[in-house]
Amino acid sequence: MKSNSGNRLLVVLGTIIVQMGLGTIYTWSLFNQPLVDRFGWNLSSVAITFSITSFALAFATLFAGKLQDKWGLRRLILCAGVVLGAGLMLSSQVTSLSLLYILAGIVVGFADGTAYITSLSNLIKWFPEKKGLISGISVGAYGTGSLIFKYINGSLIQSVGVSQAFLYWGMIVLIMIVGGSFLVKEAVVMNKPSVQNGAVQRDYTVKEMLRTKQAYLLFVMFFTACMSGLYLIGVVKDIGVRMAGLDVATAANAVAMVAIFNTAGRIILGALSDKVGRLKVVAGALLTTAIAVTVLSVIPLNFGLFFACVAGIAFCFGGNITVFPAIVADFFGLKNQSKNYGIVYQGFGLGALAGSFIAALLGGFIPTFTTIAVLCVVSFLIALTIRTPEQGKGKLRSERKKNANGVRSMKPGTKLG
């Protein structure tokens with residue numbers, strides 16, 4: 001028992017180190033302007049790099065589970081760390097946008113997504129009794145990595161220049177992820193039935209999951225949660241300047257606040273979901289987000305109101321992306337967690353683009369916030385009514401049995417009504 005407990009703690013430590021290294025990609029905004037200054041590229045063209053990274057990250061989750069089955073978890077994470085680090089180090093030599101898109105976008109994003117979802121899913125398997133808390137620790141480490149490296153990468157850019165900063169960043173990340181991989185041990189999921197909310201749970205394959213309506217309802221909810229948070233992260237400073245009338249320096253403080261509340265939401269709501277129920281936490285987060293974006297849309301903003309709404313959205317976004325891996329495990333079992341969550345996780349990639357696309361199509365912040373509010377209300381109602389596939393089957397069987405008993409209990413010639 002002590003040995004198993006020690007193994008679990010080492011796996012937690014290794015996963016935290018790996019996730020912190022992976023989370024450093026969220027410091028990309030620090031590199032935009034320095035790259036423009038160095039090469040004379042257009043700012044929006046450079047900023048597209050991170051959109052490519054996000055898409056590659058989400059796309060990689062579709063294949064990560066299969067790669068894990070083939071190579072094993074430790075080897076997969078180790079290889080992902082080498083590829084991610086090499087992609088960043090080679091980015092120090094780029095002189096064209098196309099090469100930047102390939103290395104810092106596709107290569108880095110794919111490696112990041114591969115290690116992210118497999119290490120997260122593995123940790124959940126080690127702690128099936130505390131899925132929410134353990135998801136919060138893992139995803140919180142990812143956010144913490146981005147917070148810490150805002151200062152590290154910012155200092156590197158100032159001291160050695162943007163190109164050399166890529167080199168040192170890549171070296172540090174490679175050491176972190178490869179080093180952490182040696183502490184990670186693959187969990188073994190026993191093929192025995194478990195009880196989840198009063199229903200016997202089984203492990204679904206991807207094909208079986210996609211035959212359930214719950215898979216698509218969870219996708220809608222996750223897409224909505226990701227779009228609301230990712231859109232805010234991308235435009236929060238502009239919202240403060242244009243809608244709240246803040247000066248640029250004050251509005252820029254919202255960027256740091258988003259990171260802080262985002263990380264806090266991951267840890268607090270993840271742990272809370274183990275105690276009060278995951279769907280209740282997600283429902284509350286979606287309702288809070290709907291209220292916050294509505295306030296941003298219809299009420300004249302001041303300093304306090306702006307920061308309260310931004311903090312609320314960031315906190316709920318962090319909580320939602322933490323709780324969803326555990327929800328997928330609750331609904332479809334632990335055995336194929338990496339593959340099943342990889343399907344649902346595509347909502348992150350689509351959500352990364354959807355907010356900006358809607359803003360361009362409808363024309364600005366307010367129509368986009370209105371759309372997000374409507375989607376949040378719809379997803380809130382889904383969260384209140386959705387049940388696991390096994391619970392749904394149990395309820396259906398119970399109703400059929402009740403109806404059959406009712407028919408059998410009726411005497412011949414009995415009139416209805």
Side-chain angles (χ1 to χ4, degrees), residues 8-28 54 57 61 77 81 112-113 115-153 173 176-177 179-181 183-184 187 222 225-226 228-230 232-233 255-276 278 281-282 284-285 288-289 310-330 337-338 341 344-345 348:
R8 296 210 303 178
L9 291 176
L10 285 177
V11 173
V12 172
L13 177 60
T15 304
I16 288 173
I17 295 171
V18 168
Q19 290 282 345
M20 286 181 66
L22 298 173
T24 63
I25 66 166
Y26 277 83
T27 62
W28 178 261
S54 299
L57 190 158
T61 63
I77 294 175
D112 197 281
Y116 168 77
I117 196 165
T118 51
S119 58
L120 167 61
S121 298
N122 182 67
L123 197 60
I124 292 174
K125 293 175 184 177
W126 274 104
F127 295 85
E129 74 282 4
K130 297 179 180 179
K131 298 188 191 82
L133 173 62
I134 214 66
S135 293
I137 291 173
S138 180
V139 181
Y142 193 93
T144 303
S146 69
L147 276 176
I148 294 173
F149 270 75
K150 283 182 184 294
Y151 302 100
I152 294 175
N153 282 346
V173 167
M176 289 179 68
I177 299 174
S181 72
L183 299 176
V184 173
F222 192 59
C226 289
S228 60
L230 292 170
L232 176 81
I233 289 171
V255 177
M257 190 180 69
V258 164
I260 293 169
F261 276 87
N262 184 7
T263 302
R266 297 175 187 215
I267 298 171
I268 294 172
L269 294 186
L272 184 64
S273 72
D274 286 328
K275 297 181 179 181
V276 304
R278 294 183 232 294
V281 168
V282 169
T288 300
T289 302
V310 167
I313 295 170
F315 185 84
C316 292
F317 169 62
N320 277 327
I321 63 174
T322 298
V323 174
F324 260 89
I327 291 178
V328 172
D330 289 343
Q337 165 71 2
S338 296
Y341 184 51
V344 176
Y345 195 77
F348 181 94

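Atom OG in Ser273 sits 12.5 Å away from atom NZ in Lys130 (nearest 0.5 Å). Here CD1 of Ile268 is found 11.0 Å from OG1 of Thr322. Values are rounded to the nearest 0.5 Å. Interatomic distance, Met176 CE to Ile16 CD1, rounded to the nearest 0.5 Å: 11.0 Å. Distance check: Leu269 CG to Ser135 OG gives 12.0 Å after rounding to the nearest 0.5 Å. A distance of 6.5 Å separates CD1 in Ile313 from OG1 in Thr289, rounded to the nearest 0.5 Å.
Distance alone, capped at 3.5 Å, is enough to place a donor-acceptor pair between the Asn122 side chain and the Ala187 backbone. Between the side chain of Ser121 and the backbone N or O of Thr118, no donor-acceptor pair lies under 3.5 Å. Panel note: side chain Arg278, backbone Phe324; no donor-acceptor pair is recorded below 3.5 Å. Judged by distance alone, the side chain of Gln19 and the main-chain N or O of Thr144 form no donor-acceptor pair under 3.5 Å. Between the Asn320 side chain and the Cys316 main chain, a donor and an acceptor come within less than 3.5 Å of each other.
Between Val11 and Leu183 the shortest side-chain heavy-atom distance does not fall below 4.5 Å. Within the 4.5 Å cutoff, the side chain of Ile25 has no heavy atoms near those of the Phe149 side chain. Two residues are said to be in side-chain contact when any heavy atoms from C-beta on lie closer than 4.5 Å; Leu120 and Tyr142 fail this criterion. Residues Phe317 and Val258 have side chains not in contact (no heavy-atom distance under 4.5 Å, counting atoms from C-beta outward).
Shortest non-hydrogen contact noted between Lys131 and Asp274 is N-OD1, 3.6 Å. Among all heavy-atom pairs drawn from Tyr26 and Ser146, the shortest one is CB-CB, 3.7 Å. Between Cys226 and Ile321, the shortest heavy-atom distance links the atoms SG-CG2, 4.0 Å. The two residues Gly145 and Thr24 come nearest to each other via the heavy atoms O-CG2, 4.0 Å. For the residue pair Leu147 and Ala259, the shortest heavy atom distance occurs at CD2-CB, 3.3 Å. Between Ser138 and Thr15 the shortest heavy-atom distance is OG-CG2, 3.8 Å.
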(request) Given side chain to side chain contact (heavy atoms under 4.5 Å, CB included), test Ile17 with Ile177 step by step and report yes or no. (result) CA-CA 7 Å; Ile17 295 171; Ile177 299 174; over 6 Å; no
(request) Please lay out, stage by stage, how Leu9 and Leu13 fare under the test side chain to side chain contact (heavy atoms under 4.5 Å, CB included). (result) CA-CA 6 Å; Leu9 291 176; Leu13 177 60; over 6 Å; no
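Tested against Tyr341, the residues Ile327, Ile124, Ile117 include a single side-chain contact (heavy atoms from CB on, under 4.5 Å) partner, Ile117.
Other residues, nucleotides and ligands place no more than 12 heavy atoms under 6.0 Å from the CZ atom of Phe261. Other residues, nucleotides and ligands contribute over 12 non-hydrogen atoms within 6.0 Å of the NZ atom of Lys150.
Using cut-offs of 30° and 60° on the angle between ring planes, the pair Tyr116 and Tyr345 is tilted.
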